[in-house]
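Everything below concerns the one structure shown next.
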Amino acid sequence: MQSARTTLTINGTEWSIPFNSLLGDCKLCFNDLAITRVCDNEHRYCLGCYDQLTTGTCPECKAPLINRKAALSSQRNYLNALEKTTFSCLTKHCSWEGSFDQLDAHKQTCLETKEPCSFGCGEDIPRFQLDDHQTVCRKRPYKEGCLDASYETISEIKQLRSECQNALEGTSLERESEKHLYQRLITLFPLIVDAALGEHEPVTQPAGATPQTVCTYQCGFIATSFQELSLHNCPNVPLQCRHCKDHFLTKEIGVHEPKCDERIISCEFCGDNTKQGLLALHFKSCIKQPINCIQCQRPVPLRELEQHQESLCPSRAANCERCFTPVVFSGLERHIQNCWLTKPITLREGQPRPVILTPQPRSVGPFYQHGNSSSTIYMVTTHEQLKPLFKLNGRPVFPADMVLKCAYDGEPATIQESYATPSNELNWTLYLRHCTPEKVIPSRIDILDSDFNVICSFHPYNYPKLSDIMINSIDLNQGTAALDVNSILRLQRWSHPNPLRIIRFTVCPDKPTKKKTPRR
């Protein structure tokens, strides 16, 4: 059972195609393809009629027209359907079938197309009848005896000869007939002389010869009949590009169209439609285009790249929260397992009563404590880390982007550091802040060597005569521990075989905890 077929009008020519609901004629001009969606109700017209709709509404449903970019984008599915459709010529004597790209070439050679007779008789003959016509054309080349002229000329000569003989034999002729005979003689005589003397234009096809037709597109093909010419796929036929509307030879258009800058294609990443020539520009802003992360070299969508590099990339930089050594994030856990600041430290080794410090749980920084008490805590560092204090030019000893967290006197606390220069004198300061604001903690801060020898002590910032630090004091200067120049020099010159240096924070037991007095 044959499938249903319908007709389709393309540039004024009807073609037969298998029925396809996506393809149809424009309902306004009936002369072109309805492949342009004009409204949200899927009504379609040709692009030319869409551009002429001045009312701004669909002619069928009166819905608002979609914008031209969306209208052009809607053509893609219909153009794909056209490319897959087999077209048949509707003319009676033509059985041609072919693709959408071959329609223009077939129109140039279809047997139903009329062409003027090449012998100059003035008639336009369908190509399939042209061979028969040329065998009987009155202007066809003809030769009789030594006379070589057209069939019409030789027939007229023979007729005129008969009438002249009748006149010589005395046959009566009316005056009007004599005048007509005279006119025929003066018209025909030059043709006879030219034919006899061979001065007429050469005949391209002698009488009785097989007619030959040269391809009009100068590809070199010569057909012996117009039927043969109609089956010739000339590579020089000019065809119009469906995208940019420029014309190219048949042999070139197959290479041009897939690369045409005006061709509408879908972005393989986000699915948006864009012109092929603008694809590189589109990629610069396409939020779904994969970009190689400079850290792990993995492709990541552009819109996720920043978040990936900050918190998801396995190759991002990360600092150990104990020793602050920068490592690759994927190797951070292994580093922490082997980090020397995550293991207990034994001080006063070789002495009768050694001290074992254990890492303080859930702390950020090299914080230790002795036993379970947090009233005395220790920051473990090295002589090499503290020695170049004057040479750091204001840079912190510990990473500035990390907040040091610990537990002090049973409550969470934070420590920050900076350089301060009261009276043009350099001081290294530590800010210890207890998370319970009402609680004022008298404390003492010392720097020890590995045998618990006191190297130097911090004093309240701007209060060098006081011996204790008042943490969370109303007077902020009392809550700031500082090392002055002399203490720093003493620390730099201190010698001990063990390079460890211990910063000890101790709650002073002889001074009671007091509440803050609110300011009035």
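Here the structure is a predicted model, which is why all the values come from computation and not from measurement.
- Thr429 contributes a side-chain N or O that, together with a main-chain N or O of Ser418, makes up a donor-acceptor pair within less than 3.5 Å.
- Closest approach of Phe324 and Gly365 over heavy atoms only: CZ-CA, 3.6 Å.
- Summarising the local packing, CZ of Phe329 is surrounded by 12 or fewer heavy atoms from other residues, nucleotides or ligands at distances under 6.0 Å.
- Side chains of Asp451 and His496: a donor on one and an acceptor on the other come within 3.5 Å.
- With 3.5 Å as the limit, one finds a donor-acceptor pair spanning the side chains of Tyr45 and Glu60.
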For this session: Dump the intermediate steps for side-chain contact (heavy atoms from CB on, under 4.5 Å) on Ile447 and Trp494, then the final yes or no.
Result: CA-CA 11 Å; Ile447 298 183; Trp494 191 266; over 6 Å; no

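- Atom CD of Glu384 is separated from atom CZ of Arg501 by 9.5 Å, given to the nearest 0.5 angstrom.
- You'll find the side chain of Met379 reaches within 4.5 Å of the side chain of Ile415, heavy atoms only.
- Within the 3.5 Å criterion, the main-chain N or O of Val237 finds a donor-acceptor partner in the side chain of Thr250.
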For this session: Let me see the working for Val397 and Trp428 under side-chain contact (heavy atoms from CB on, under 4.5 Å), right down to the final yes or no.
Result: CA-CA 10 Å; Val397 174; Trp428 182 48; 3.8 Å; yes

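- Between the side chain of Arg322 and the backbone N or O of Ile336, no donor-acceptor pair lies under 3.5 Å.
- Between Thr36 and Leu47 the shortest heavy-atom distance is OG1-N, 3.5 Å.
- Proximity of Leu103 to Leu239: side-chain heavy atoms (C-beta onward) are nowhere separated by under 4.5 Å.
- Residues His335 and Cys323 form a side-chain contact, since some pair of their non-hydrogen atoms from C-beta on lies under 4.5 Å apart.
- Considering every non-hydrogen atom in both Ser487 and Ser457, the closest pair reads OG-O, 4.2 Å.
- Few gaps surround CD on Gln297; more than 12 heavy atoms of other groups in view lie less than 6.0 Å from it.
- Within a 6.0 Å radius of CD in Gln416, no more than 12 heavy atoms belonging to other residues, nucleotides or ligands are found.
- By the 6.0 Å contact criterion, CZ on Arg433 is enclosed, its count of non-hydrogen atoms from other residues, nucleotides or ligands being greater than 12.
- Taking all atoms of both residues into account, the shortest heavy-atom contact from Thr85 to Pro18 is CG2-CD, 4.2 Å.
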Exercise. Run the side-chain contact (heavy atoms from CB on, under 4.5 Å) check on Cys508 and Arg444 step by step: do they pass?
Worked result: CA-CA 7 Å; Cys508 298; Arg444 183 176 184 84; 4.1 Å; yes

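- At distances below 3.5 Å, not a single donor-acceptor pair connects side-chain atoms of Ser450 with backbone N or O atoms of Leu500.
- Remark: Gln307 CD is loosely packed, at most 12 non-hydrogen atoms of other residues, nucleotides or ligands lying under 6.0 Å away.
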For this session: Kindly indicate, with the supporting measurements, whether the criterion side-chain contact (heavy atoms from CB on, under 4.5 Å) is fulfilled by Phe452 and Asp446.
Result: CA-CA 10 Å; Phe452 272 46; Asp446 304 302; over 6 Å; no

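- Put simply, the side chain of Tyr368 never gets that close to the backbone of Ile356: no donor and acceptor are under 3.5 Å apart.
- Atoms CG and NZ, from Asn472 and Lys439 in turn, are 9.5 Å apart once rounded to the nearest 0.5 Å.
- Side-chain polar atoms of Ser266 and Asn273 form a donor-acceptor pair below 3.5 angstrom.
- Thr414 contributes atom OG1, which lies 8.5 Å from atom CG of Leu404 (distance to the nearest 0.5 angstrom).
- When every heavy atom of Ser374 is checked against every heavy atom of Gly410, the shortest pair comes out as OG-N, 2.9 Å.
- Remark: side-chain polar atoms of Asn41 are not paired, donor with acceptor, to backbone N or O of His43 under 3.5 angstrom.
- Between Phe100 and Ile17, the closest side-chain pair of non-hydrogen atoms is not below 4.5 Å.
- Note: Ser363 OG to Ile377 CD1 = 9.0 Å, rounded to the nearest 0.5 Å.
- Remark: Glu42 CD is packed, more than 12 non-hydrogen atoms of other residues, nucleotides or ligands lying under 6.0 Å away.
- Judged by distance alone, with hydrogens and angles left aside, the side-chain atoms of Arg504 form no donor-acceptor pair with the main-chain N or O of Thr376 at under 3.5 Å.
- From Tyr50, atom OH reaches atom CD1 of Ile66 across 6.0 Å, with rounding to the nearest 0.5 Å.
- Remark: the backbone N or O of Ser88 is not paired with any side-chain donor or acceptor of Glu97 at under 3.5 angstrom.
- Sparse packing is recorded around NZ of Lys259, with 12 or fewer heavy atoms of other residues, nucleotides or ligands lying under 6.0 Å away.
- Under a 3.5 Å cut-off, the side chain of Arg263 and the backbone N or O of Pro258 do form a donor-acceptor pair.
- Across all their heavy atoms, His243 and Glu257 have their closest contact at CD2-O, 3.8 Å.
- Side-chain atoms of Gln369 come within 3.5 Å of backbone N or O of Gly371 as a donor-acceptor pair.
- By the 4.5 Å heavy-atom criterion applied to side chains, Lys275 and Ile264 are counted as neighbours.
- Considering only residues two or more places apart in sequence or on other chains, Ala481 meets the side chain to side chain contact (heavy atoms under 4.5 Å, CB included) condition with Ile445, Phe458, Ile469.
- Ring pair Tyr408/Phe505 is perpendicular by interplanar angle, where above 60° counts as perpendicular and below 30° as parallel.
- Counting only heavy atoms from C-beta outward, the side chains of Pro366 and Thr381 never approach each other to under 4.5 Å.
- Remark: Gln360 CD is packed, more than 12 non-hydrogen atoms of other residues, nucleotides or ligands lying under 6.0 Å away.
- Annotation: side chain of Glu262 is not in contact with side chain of Cys241 (no heavy-atom distance under 4.5 Å).
- Within the 4.5 Å cutoff, side-chain heavy atoms of Asp449 are placed close to those of Ile455.
- How far NE2 of His282 is from CD of Gln276: 13.0 Å, rounded to the nearest 0.5 Å.
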